[in-house]
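Here's the structure, in structure tokens; my notes come after.
Source: prediction; values computed, not measured. Naming convention: chains lettered A, B, ... in sequence-line order (proteins, then strands); numbering from 1 in each chain. Values below: all heavy atoms of this structure, side chains included; hydrogens, waters and symmetry mates excluded.
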Amino acid sequence: MAPQIHWLLVLFAAVFTNNILLSYFLGMCSFLAVSRTLSTAFGLGLAVTFVTTFTSILNYGIYYGLLDPATSLIGIDLRFLQFIVFIVVIAGFVQLVEMVIDKYSPALYQALGIFLPLITVNCAILGVSVFMVIRRYTFMQAAGYGLGSGLGWFLAIVLIAGIRQRLRFANTPWPLKGVGITMIMTGLMAMAFMGLAGVASLG
Amino acid sequence: MAARGLVRKGALTDNPIVYQILGVCSALAVTNRFENALLMGVSLTFVVAGSSALVSALRHIIPKRTRMILEMLIIATFVIIVDLALKAYAWEAAKVMGAYVALIITNCIVMGRAEAFAIANPVRASFLDAVGNGLGYTWVLLAIALVREVLGTGKILFTTLAHAEVPVVPAALIRAIDGQFPLLLILPPGAFLVLGVLIWIVKALQGPGREV
């Protein structure tokens with residue numbers, strides 16, 4: 001990964017050309033399960049964007065501060081622990097956010113509350129942290145990548161929810177109803193996003 | 001339930017990908033190469049079988065309130081074993097699949113079997129149930145990968161398990177299409193299209209009346 005890519009470009013690429021869902025297939029489970037109506041898709045998309053942004057920043061600090069021997073404060077190679085640490089940070093962060101929102105903003109909790117526990121098992125979140133390490137992002141690139149991936153996922157689920165709402169009145173062959181046709185629509189959407197491929201690229 | 005019944009249920013009649021739509025992320029991501037799909041299938045089967053057996057063995061000790069996080073830690077431990085083994089013995093494949101191996105942790109099949117079966121059943125049954133689901137995941141992956149790689153490139157390429165290129169499409173046909181295979185199939189959109197069509201075929205064969 002070239003370190004000189006500007007973080008805004010990383011953000012742009014993560015939304016459009018290297019979309020976490022449409023080109024890396026992460027977060028498919030909740031994408032398929034929660035895209036039946038536009039309003040719930042919108043809520044989950046917002047929650048995912050929020051959580052990816054902050055967990056990528058947190059995990060960046062923990063990975064380079066504690067686990068990677070080259071930069072860590074304790075100088076021991078603990079990189080083999082990264083998956084366990086990442087998933088615990090994500091689960092802990094989600095729990096914390098849920099408690100804070102519940103206490104200070106009941107209205108927002110009503111809107112996002114039910115989606116938050118779902119997010120822990122959304123592989124897009126863990127995927128962002130893992131990719132950030134594999135591609136050796138700098139701090140700003142990692143933050144841009146976290147935000148961009150969240151926005152990209154948000155965009156994909158809102159678009160497919162809009163399409164699915166309309167498809168409900170279409171005459172779909174019965175074996176294709178539900179997941180089958182959603183998969184094919186997503187494929188067409190991924191093709192459309194590939195049209196932007198020349199603009200920016202993230203290896 | 002008999003051992004065969006348990007394996008059969010996971011592998012065919014309650015297939016995790018086709019019927020429960022679980023574990024789709026990696027099913028799409030690694031299937032542009034047959035060999036990677038095979039390695040991924042074996043890795044996932046190992047993780048799901050190991051973690052289900054361990055969760056089941058510890059089921060009387062695990063407190064109910066913290067069971068999710070403990071299951072997650074057990075799963076993560078098995079994933080780390082697979083990750084290190086791949087890095088040691090199959091470096092090329094590990095580089096390509098690295099992130100997706102890590103993501104077995106959040107693969108719903110693994111957590112699903114631990115939570116839905118292993119936590120309440122004896123070790124042997126949990127192990128067989130997990131193996132069945134692992135096999136069910138593996139064959140769907142192999143089917144998708146076969147379609148994508150063969151139609152997309154005309155051959156099956158082995159680099160890790162062996163060094164070989166298996167030409168599947170006859171040379172005459174390659175000449176007829178001027179070597180222009182539909183590259184789209186090995187690109188991301190192809191994955192969605194092939195899985196969509198596979199679900200379509202399986203459900204049509206199964207007959208109506210089964211809701212997913």
Highest number of heavy-atom pairs under 4.5 Å with chain B among A/Thr182, A/Val130, A/Leu176 belongs to A/Leu176
Rounded to the nearest 0.5 angstrom, the CD1-CE distance for B/Ile199 and A/Met183 is 4.5 Å
Turns out that what part of A/Ile87 lies under 4.5 Å from chain B's heavy atoms comes down to side chain
d(B/Leu28 CG, A/Leu21 CG) to nearest 0.5 Å is 9.0 Å
When every non-hydrogen atom of B/Ile69 is compared with those of A/Ala91, the smallest separation belongs to CD1-CB, 4.4 Å
Value for CE (A/Met185) from CZ (B/Phe192), rounded to nearest 0.5 Å, stands at 12.5 Å
Checking heavy-atom separations under 4.5 Å from chain A, one finds in residues 77-86 of chain B B/Thr77, B/Val79, B/Ile80, B/Asp83
Distance col, row B/Trp200:CH2 vs A/Lys177:NZ, nearest 0.5 angstrom, shows 12.5 Å
Taking every heavy atom of B/Gly196 against every heavy atom of A/Ile184, the minimum-distance pair comes out as CA-CG1, 4.0 Å
If one checks every heavy atom of B/Leu198 against chain A at 4.5 Å, the contacting part turns out to be neither
Crowding at CZ, B/Arg67 (>12 non-hydrogen neighbours, <6.0 Å): yes
Honestly, the part of B/Leu195 sitting under 4.5 Å from a heavy atom of chain A is both
Sorted by chain and number, sequence neighbours left out, side chain to side chain contact (heavy atoms under 4.5 Å, CB included) with B/Leu142 holds for B/Phe34, B/Ala37, B/Leu38, B/Thr138
Side chain to side chain donor-acceptor pair (under 3.5 Å) pairs touching residues 143-159 of chain A, sequence neighbours excluded, are A/Arg135-A/Tyr145
Hits for side chain to side chain donor-acceptor pair (under 3.5 Å) against A/Ser129, two or more places apart or cross-chain, chain-then-number order -> A/Asn59
Cut-off 4.5 Å, heavy atoms of chain A, and the answer for B/Leu187 is side chain
Validation row: B/Met72, A/Val88 side chains within 4.5 angstrom (heavy atoms) | no
When the 4.5 angstrom heavy-atom criterion is applied to A/Met189 and chain B, the contacting part is neither
- Query: Which is it for B/Tyr100 and A/Tyr24 under the ring-ring contact (aromatic ring centres under 6.0 Å, His included) test, yes or no, and what are the steps along the way?
  - Reply: CA-CA 9 Å; B/Tyr100 295 100; A/Tyr24 295 101; 7.3 Å; no
Chain A shares the most heavy-atom pairs under 4.5 Å, among B/Ala99, B/Gly190, B/Ala27, B/Ala191, with B/Ala99
Please check if atom CZ in A/Phe154 has more than 12 non-hydrogen atoms from other residues, nucleotides or ligands closer than 6.0 Å.
yes
- Item | Side chain to side chain, B/Lys87 and A/Phe80, heavy atoms closer than 4.5 Å | no
Distance col, row B/Leu103:CG vs A/Phe83:CZ, nearest 0.5 angstrom, shows 8.5 Å
Closest non-hydrogen atoms of A/Gly187 and B/Leu193, given as atom of the first, atom of the second and distance, are CA-CD2, 4.1 Å
